[in-house]
Protein chains: 2
Amino acid sequence: MDLLARDLHQPELPVVCRSCEARNGGICSALKPAQLAELSKHSSRRKIEAGNEFIGQGESVSSYSNILNGVVKLSKVMADGRQQIVGLQFAPDFMGRPFQGESRMAAEAATDTEICIFPRRAIERLIADIPELEHQLHNQALKELDEARDWMLTLGRKTAQEKVASFLSLIASHSDPEQQDISSVFELPLSRAEIADFLGLTIETVSRQMTKLRKEGIIQIENNRHVTVPDLDRLAFAAGND
Amino acid sequence: MDLLARDLHQPELPVVCRSCEARNGGICSALKPAQLAELSKHSSRRKIEAGNEFIGQGESVSSYSNILNGVVKLSKVMADGRQQIVGLQFAPDFMGRPFQGESRMAAEAATDTEICIFPRRAIERLIADIPELEHQLHNQALKELDEARDWMLTLGRKTAQEKVASFLSLIASHSDPEQQDISSVFELPLSRAEIADFLGLTIETVSRQMTKLRKEGIIQIENNRHVTVPDLDRLAFAAGND
DNA sequence: CGCGAAAGTTGATGTGGATCAATTCGCCCT
DNA sequence: AGGGCGAATTGATCCACATCAACTTTCGCG
């Protein structure tokens, strides 16, 4: 990685993953400065353009990474091409899982994304030394498990309308501008096709339900991607969350 | 727990959770004998009849437990009664999650079940002392996460036929009689209604698809619950796994 | 600025699974 | 064995979402 050298010579980046430290939940926040400095010798920062797959399904994993910004989608594909997105990861999530040789799904940048890459070995050595690090990863796994199970309810039991509203709620809850309690404005990180793959629907049904929500005044959409939600409670209601 | 005293006085149970030790993955297998003896002072064994809910959705969790035998279903319910089973747990899975006050779903015994209960405090104290224990729980969480994501593909993208076949494959893979590679015989741990809630279908559709699989010779069913699969590969094929 | 491709929308029609409605089966109880 | 009841099956019909097809919007690019 030639990016490594560059990062280390920028004075404004004294340690790699300063970004992680700044946010809660990043893997680096469990490390002491000395450990962080050690880790930073082996890590590098990388930009990935929207649409680029960086871990293929069934591929072996030789590195792990923190997401610094952007959205990453995790997906599974069946032999005949049917696809299901099984998770979305936002900064500062940690990706790749220690002590497991190969990925059981594909990871692809949904938006332009920056990640901080750690070689597999370095991470596994650190985990052996620092119990707090495993605790942190364990918590992230539990968080992802909760999200996956919530989504199972959505996939199995909700109507198309509720699914689309649930998706919009999910994205709204991850749009950083400090949790507007009532309203929210954000850019959709996914295309209609990707939303369909996340919700177990077709593009057309997603489009129709978005139009319906728009006509009911629950959302406004500009340029396909820019969404305004005037009343998050109404959206949550449409999503079936009481 | 009056059961506690009883267990401690049975000479054939010198430490609680002997059963866990015997199987791989139980929480006790990470403990040294001394730690196990200590833990056993606070733990107790309990039988739960099929159909009994023992952790309600939104209830606070004051104990954790190992499943010794039987099948436990984890489910979520919407306000209007729609239900989704989000996971099945088999022995020797660990249930309840440390450091998290309340359960986000209900746990109910699907079959008659025996569990070994540990008070919340005892477990959390042990975890602080024994990194290996957290490693073990982390691994279980990752396993459950994989299962949840596999099931998301099933819920979102498979047909009713494939869903039912996927379910039967899942149960077959957990029926202990030493992994018959080609064929398998087992009792269904769930009723048709529960299978429907697991698959995001209705009772009638589950029944029709079972009939169809039966008529195609992929399975045989006796007395509603007793299933014979002469060729597991054919079943896997019907489940959409290539 | 205007062309072209990709993405999204909208409409018409088809269909897999839901819903409604009888039976039939399996099991407990005496 | 027989009666009663919940669970499961089977059939008829319906409808939410898929599919197929045409059209429109957005956006990159010379």
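So that the names make sense, note that chain A is the first sequence line, chain B the second, and so on, each numbered from 1.
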Inset, instruction - Look at the rings of B:Phe167 and B:Phe198 and say which category their plane angle falls in: under 30° parallel, 30 to 60° tilted, over 60° perpendicular. - result: perpendicular

Inset, instruction - Measure from the side chain of B:Asn223, starting at C-beta and using heavy atoms only, and say which of D:dC17, D:dA8, C:dC27 lies closest. - result: C:dC27

Legend entry - A:Arg104/B:Asp150 ion pair, N-O < 4.0 Å: yes

Inset, instruction - Answer yes if the side chains of B:Thr113 and B:Lys47 hold a donor-acceptor pair under 3.5 Å, and no otherwise. - result: no

Inset, instruction - Return yes if a side-chain donor-acceptor contact under 3.5 Å exists between A:Thr205 and A:Thr202, otherwise no. - result: yes

Legend entry - Candidate list A:Gln84, A:Gln57, A:Met105, test side-chain contact (heavy atoms from CB on, under 4.5 Å), partner A:Val77, passing option: A:Gln57

Please give, in whole Å, the distance from [N] [atom2] to [X] [atom1]?
X	N	atom1	atom2	result
B:Leu201	D:dA16	CG	P	18 Å
B:Leu213	D:dT9	CG	P	12 Å
B:Gln209	D:dA8	CD	P	16 Å
B:Leu199	C:dG17	CG	P	12 Å
A:Ile219	C:dG8	CD1	P	14 Å
B:His226	C:dC25	NE2	C1'	18 Å

Could you pull out the protein-nucleic contacts involving nucleotides 9-13 of chain C (nitrogen or oxygen on both sides, under 3.5 Å)?
from   : atom 1 : to       : atom 2 : distance (Å)
C:dT9  : OP1    : A:Arg192 : NH2    : 3.3
C:dT9  : OP2    : A:Arg192 : NE     : 2.9
C:dT9  : OP2    : A:Ser207 : OG     : 2.8
C:dT9  : O5'    : A:Ser207 : OG     : 3.0
C:dT10 : OP2    : A:Thr211 : OG1    : 2.8
C:dG11 : N7     : A:Arg208 : NH1    : 2.9
C:dG11 : O6     : A:Arg208 : NH2    : 3.2
C:dA12 : N6     : A:Arg208 : NH2    : 3.4

Inset, instruction - Under the salt bridge (Lys or Arg N to Asp or Glu O under 4.0 Å) rule, what do B:Arg82 and A:Glu162 come out as? Steps first, then yes or no, please. - result: CA-CA 13 Å; B:Arg82 278 175 287 176; A:Glu162 291 169 333; 2.8 Å; yes

Legend entry - Residue met sooner reading DNA chain C from 5', once B:Thr202 and A:Ala193 are mapped to nucleotides: A:Ala193

